[in-house]
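This is a predicted model, so every value here is computed, not measured. For the single chain, residues carry numbers from 1 onward in sequence order.
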Amino acid sequence: MPNDAHLLFADHVGRFYARQYGFPPMAGRLLGYLFVCDPPQQSIDELGEALLASRSAITGAVKLLENHGMARRTRTAGERMDRVSLNPDSRQPQNFDAALHQEHATLFREGLSLLADAPPERRAPLEEMTALAEFLAERLPRLVDEWQAHREELRASGQLTGPRE
């Protein structure tokens, strides 16, 4: 059974993810709880009991977190129920896909073509968004490489634990 500090942390994560990313509060609470629960793999029923939520609320939150690559379900041989845990791949940088930003830039350039004869102040928002998208598309791959090198330095020094890739 979780202690009050674990539940408070889960609530804080829930509010943050609701405010910043539009997640339903239960999905954020579940994410927060998965960070601190023991054992780190829990059944739907165990999660519902810990978070004082219905089975359907937990199942919906798990589905949302799975869709975002943040949680996963596994089943041990011989068990009849899934266990939910954090997806280890979710520790990779999210939204750092340069192709996404290249696509944004293409869309914004399409909008600029529609405003070819428009006054500069009308074109300005799309011009700035195009420039930002192009900047991110160029810089993010290097930033991901820098993060991975930094993470390995932290692991080598013992400041971070976890699997090496």
Please report the closest heavy-atom contact between [X] and [Y], naming both atoms and the distance.
X    : Y    : value
M26  : A57  : CG-O, 3.9 Å
T161 : R155 : O-NE, 4.3 Å
L64  : A27  : CD2-CB, 3.8 Å
A53  : I58  : CB-CD1, 3.9 Å
A50  : L7   : O-CD2, 3.4 Å
A71  : V84  : CB-CG1, 4.4 Å

Spacing of [X] atom [atom1] and [Y] atom [atom2] [to the nearest 0.5 Å]:
X    : Y    : atom1 : atom2 : value
D45  : M81  : CG    : CE    : 7.5 Å
D97  : L136 : CG    : CG    : 12.0 Å
S43  : E49  : OG    : CD    : 8.5 Å
L51  : Q42  : CG    : CD    : 9.0 Å
L154 : W147 : CG    : CH2   : 6.5 Å

- Between E66 and R72, does at least one N-O distance fall below 4.0 Å, as a salt bridge requires?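 Result for this pair is no, no salt bridge flagged.
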- Message: Please check: side-chain N/O of E153 versus main-chain N/O of H150, any donor-acceptor pairing under 3.5 Å?
- Response: no
- Donor-acceptor under 3.5 Å (T76 side chain, E79 main chain): no
Name every donor-acceptor pair, under 3.5 Å, that has one atom in a side chain of residues 107-120 and the other anywhere in the protein, sequence neighbours excluded.
{"residue": "R109", "atom": "NH1", "partner": "E134", "partner atom": "OE2", "Å": "2.5"}
{"residue": "R109", "atom": "NH2", "partner": "T106", "partner atom": "OG1", "Å": "3.4"}
{"residue": "S113", "atom": "OG", "partner": "E110", "partner atom": "O", "Å": "2.6"}

- Should we say atom CZ of R122 is surrounded by more than 12 heavy atoms from elsewhere, each under 6.0 Å from it?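 Not more than 12 within 6.0 Å, no.
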- Results of ring pair (Phe, Tyr, Trp, His ring centres under 6.0 Å) for Y17 - residues two or more places apart only: Y21, F23
- Query: Considering residues at least two apart in sequence or located in another chain, which fulfil the side chain to side chain donor-acceptor pair (under 3.5 Å) criterion with E146?
  - Reply: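 None.
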